[in-house]
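Input: a single structure, listed below in structure tokens.
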Amino acid sequence: MKLILLCLTLFFLASNTITGAVVEESDDDYIGTLMPLAEKHCFSCHHDTKRSGGLSIKSYFMGINDFESRIARGGKVWTNIIQTVKSGEMPPAGEPFMSHAEREAFINSVNAILLKSLTSNDPGRVVIRRLSHTEYEHTIYDLVGIRFDAKSKFPSDGSGGAGFDNFPNTLFITPLKMERYYDAAEEILDLAYQNSETWKKIVPNPFFENIFQRFANWLKRLFSGEDYVEKHLLAAEDVIIPFTSNAFRRFLTPEEKQTYLGLYKEVYEGTSGKEKFNLAIKETLKAVLVSPNFLYRYEEEQPIDHAYPLSNFELASRISFFLWSTFPDKELFEAAYREDLHDPGVLKKQVKRMLRDEKAKQFSESFATQWFGISRFREDITADPERYPEMIPSLKSAMYQELVEFFHHVLTESKNFLDLIDSDYTFLNEELAQHYGIKGIKGSDFQKVNLNSSTRGGILGMASILTSTSLPIRTSPVLRGKWVLEEILGTPAPPPPPDAGDLPEEAAADPNASIRTLLTVHRSKPACITCHQKMDPIGFGLENYDAIGRWRDSYGQDKIVAWDTLPSGEIFNGPGELKKILTNKKDLFARTISEKTFTYAIGRNVEFKDELYIQSLVKNLLDHNFNTEEFIIALVTSYPFRYKVNDGAEKFKMLAKN
């Protein structure tokens with residue numbers, strides 16, 4: 001039985017995995033114009049072995065086809081290329097001169113390709129995805145009532161798509177993982193069966209047949225002139241069909257109903273004893289939990305070759321897994337059945353309701369801890385235990401929970417994403433408050449704490465962030481500056497050159513060492529200065545926090561200098577003033593929020609063809625003062641969230657013609 005289901009599962013995955021991309025055909029040969037110009041003026045410096053500026057332009061034209069699609073996917077890069085060509089910076093002096101006609105042809109061809117990708121009304125292709133471990137845990141709890149630790153019992157998933165674990169390209173399946181799903185189904189249903197209260201929620205009206213009822217039923221079957229449906233089968237149907245519909249996130253087909261009821265009947269008739277009904281139910285539900293229809297989020301493909309709206313039930317699943325990391329509840333199911341979820345008014349009503357539900361905290365934890373890079377903070381060793389013996393498991397857990405509680409409050413109460421950068425409050429329990437040197441907080445429960453200084457408000461003052469962006473034995477202004485550039489401003493610095501070198505670790509390991517002095521020497525190298533000018537000032541502004549997030553004023557006898565100047569010219573002194581500057585960079589922060597949330601919600605990377613949608617989300621944040629609820633509604637009602645395209649469009653073109 002296991003082998004058959006395993007083969008079916010692997011076949012299901014293989015037959016539904018989405019590959020390739022679709023680009024609209026065009027009568028204009030933009031590539032025919034662009035490629036010889038790029039070969040003449042760009043390839044000599046920008047190829048795979050000599051990636052000047054970290055860029056290989058030649059790679060976009062390697063192979064035999066799909067060049068326009070590649071350029072569209074690299075739209076941001078090509079936008080920058082256009083700017084450098086237009087300004088005359090490229091080609092540089094010493095390279096073949098680009099005439100005015102060549103320059104115009106180059107720019108016009110790239111612009112035409114990029115414009116076509118923006119006007120194609122393409123929601124992007126999202127491949128079938130297996131439930132992430134987080135989604136599996138929450139779905140199992142809501143479906144069965146059992147807390148199951150998938151992360152410790154299943155092989156780990158990789159991260160992709162801006163580091164999120166629900167990214168389809170990383171959620172593949174292996175025979176080992178499938179075996180673990182079978183083991184998990186047995187463990188989960190056995191635990192549920194052993195707990196009478198849990199089992200009663202699954203089977204509220206168990207069927208029991210005494211000897212007299214069995215004899216009476218035998219007589220009815222013997223003398224009935226028509227098919228006789230036994231009462232136990234009707235009772236089983238009342239359990240199996242709703243359970244399976246919830247598990248599959250849709251109505252069942254008649255064939256599926258017959259399959260699972262047939263399995264139940266087979267087990268029931270082959271089992272003896274008083275518990276045969278419950279045991280047959282249990283075995284049937286195990287089969288449900290290893291079905292591809294449960295383990296995968298699959299959206300039906302229609303025989304058309306253009307984008308089309310998701311069904312109401314598919315859209316309900318997208319919303320629910322986005323905001324709750326689990327399947328839709330009864331009210332959302334009923335909305336999908338009775339109303340049109342594509343109606344913005346209906347969607348808005350559901351989003352507001354779901355954000356008020358306690359399950360929205362599952363989104364806060366999953367999204368925020370992955371966005372800010374602390375999802376493994378409690379498990380991974382991030383600080384040297386000899387130098388920092390204070391970092392015991394309970395303190396690490398409190399550091400992690402501070403971010404979760406804070407983000408959830410921003411999402412549902414303050415409703416202002418700017419609080420993430422700077423706020424006059426945070427969430428603490430007694431242990432973490434003592435770590436921060438804040439008095440008057442008692443107990444292990446987290447509570448909102450109003451702050452009297454600017455040192456702790458916002459994520460930059462949180463120990464989880466400060467520790468995860470430090471090295472095991474010391475702080476790292478480079479890592480902290482790099483983190484702010486990437487996760488807040490969305491402007492990552494280029495990778496370091498091969499000969500960049502490292503700080504002298506023996507000197508840097510001294511707890512009283514001045515990291516600013518050491519970095520000043522390091523970044524004096526011509527190859528290093530450009531990147532370090534972007535990262536280091538931000539990191540220096542956070543040097544008052546040590547490697548585990550405690551406040552300090554000096555390195556031993558040397559006072560910490562926390563002032564600096566950003567490349568844009570702003571001067572600040574300390575984390576409070578730095579946060580004020582970052583808060584004013586609203587365009588950059590709005591784009592970072594938009595791209596991160598878009599990736600998490602839809603399950604794919606942001607591509608250049610999404611530019612108009614991303615700009616719309618950015619505008620929504622700027623127009624509504626970074627209101628979280630308005631932003632989530634705008635994302636859920638957006639075209640890429642509500643529409644899809646097929647896998648293998650050529651296949652569906654043929655079907656559409658017939």
Side-chain angles (χ1 to χ4, degrees), residues 1-12 139-140 142-146 148 178-296 327:
M1 180 72 173
K2 278 190 177 184
L3 181 60
I4 294 173
L5 283 173
L6 175 58
C7 293
L8 287 173
T9 300
L10 294 175
F11 172 79
F12 182 87
T139 300
I140 287 294
D142 290 338
L143 193 62
V144 184
I146 294 296
F148 182 80
M178 198 63 223
E179 286 291 335
R180 296 288 175 85
Y181 280 126
Y182 286 113
D183 295 338
E186 289 194 21
E187 178 181 340
I188 290 163
L189 267 303
D190 286 347
L191 288 171
Y193 179 64
Q194 293 162 12
N195 187 310
S196 59
E197 291 184 7
T198 301
W199 189 251
K200 189 170 184 179
K201 291 178 181 178
I202 300 173
V203 188
N205 299 303
F207 177 83
F208 175 73
E209 193 175 55
N210 59 36
I211 189 170
F212 300 107
Q213 290 170 326
R214 288 199 298 271
F215 180 71
N217 287 333
W218 177 78
L219 289 175
K220 289 178 181 178
R221 287 196 300 271
L222 184 63
F223 295 106
S224 175
E226 56 186 25
D227 290 339
Y228 171 70
V229 179
E230 297 180 277
K231 290 183 179 180
H232 75 86
L233 194 58
L234 295 174
E237 185 173 356
D238 288 341
V239 175
I240 293 169
I241 301 308
F243 183 95
T244 309
S245 294
N246 281 330
F248 293 178
R249 283 85 69 179
R250 57 173 171 78
F251 290 136
L252 303 186
T253 65
E255 293 78 15
E256 288 170 330
K257 290 180 180 179
Q258 287 302 115
T259 296
Y260 288 105
L261 291 176
L263 175 60
Y264 158 80
K265 188 174 181 180
E266 182 180 348
V267 176
Y268 182 86
E269 293 175 349
T271 305
S272 60
K274 295 180 179 180
E275 288 296 304
K276 60 188 300 184
F277 176 81
N278 284 322
L279 292 174
I281 290 288
K282 180 158 70 84
E283 293 304 312
T284 305
L285 300 189
K286 286 180 184 178
V288 173
L289 295 187
V290 295
S291 168
N293 291 292
F294 169 68
L295 295 175
Y296 293 96
F327 66 93

Step-by-step side chain to side chain contact (heavy atoms under 4.5 Å, CB included) determination, Phe294 to Ile140
CA-CA 10 Å; Phe294 169 68; Ile140 287 294; 3.8 Å; yes
Here the gap from Leu289 atom CG to Tyr182 atom OH, rounded to the nearest 0.5 Å, amounts to 11.5 Å
State whether a side-chain donor-acceptor pair under 3.5 Å links Tyr260 with Glu237.
no
Is it true that Lys286 and Glu283 have a side-chain N and a carboxylate O under 4.0 angstrom from each other?
yes
Between Gly145 and Thr198, the two heavy atoms sitting closest are O-CG2, 4.2 Å
List the steps and the verdict of side chain to side chain donor-acceptor pair (under 3.5 Å) for Glu275 and Tyr193.
CA-CA 11 Å; Glu275 288 296 304; Tyr193 179 64; 2.8 Å; yes
Evaluate whether atom CD of Glu266 has more than 12 neighbouring non-hydrogen atoms of other residues, nucleotides or ligands under 6.0 angstrom away.
no
Shortest non-hydrogen pair, Ser245 vs Leu252, comes out as OG-CG, 3.7 Å
Between CZ of Phe248 and OG1 of Thr253, what distance do you get to the nearest 0.5 Å?
9.0 Å
Would you check if Glu256 and Thr244 make a side-chain contact, meaning some heavy-atom pair closer than 4.5 Å?
no
Are Asn293 and Arg249 linked by a side-chain donor-acceptor pair shorter than 3.5 Å?
no
Are side-chain heavy atoms of Val144 and Phe243 found at a separation under 4.5 Å?
yes
Could you give the distance from CD (Glu187) to CZ (Phe148), rounded to the nearest 0.5 Å?
5.0 Å
Gap between atom CG of Leu189 and atom CG of Leu279 - 0.5 Å precision
11.0 Å
Smallest heavy-atom separation, Ile188 atom then Ile146 atom, equals O-CG1, 3.8 Å
List the atom of Phe327, the atom of Leu143, and the distance in Å for their closest heavy-atom pair.
CE2-N, 3.8 Å
For the pair Tyr264 and Phe277, name the ring-plane relationship: parallel under 30°, tilted 30 to 60°, perpendicular over 60°.
perpendicular
Given side chains that start at C-beta, do those of Ile281 and Trp199 come closer than 4.5 Å, heavy atoms only?
yes
CD1 of Ile202 to CD1 of Ile240: how many Å apart, nearest 0.5 Å?
12.0 Å
Taken to the nearest 0.5 Å, the spacing of Leu295 CG from Thr139 OG1 works out to 10.5 Å
Identify whether the distance between the nearest side-chain nitrogen and carboxylate oxygen of Lys282 and Glu186 falls below 4.0 Å.
no
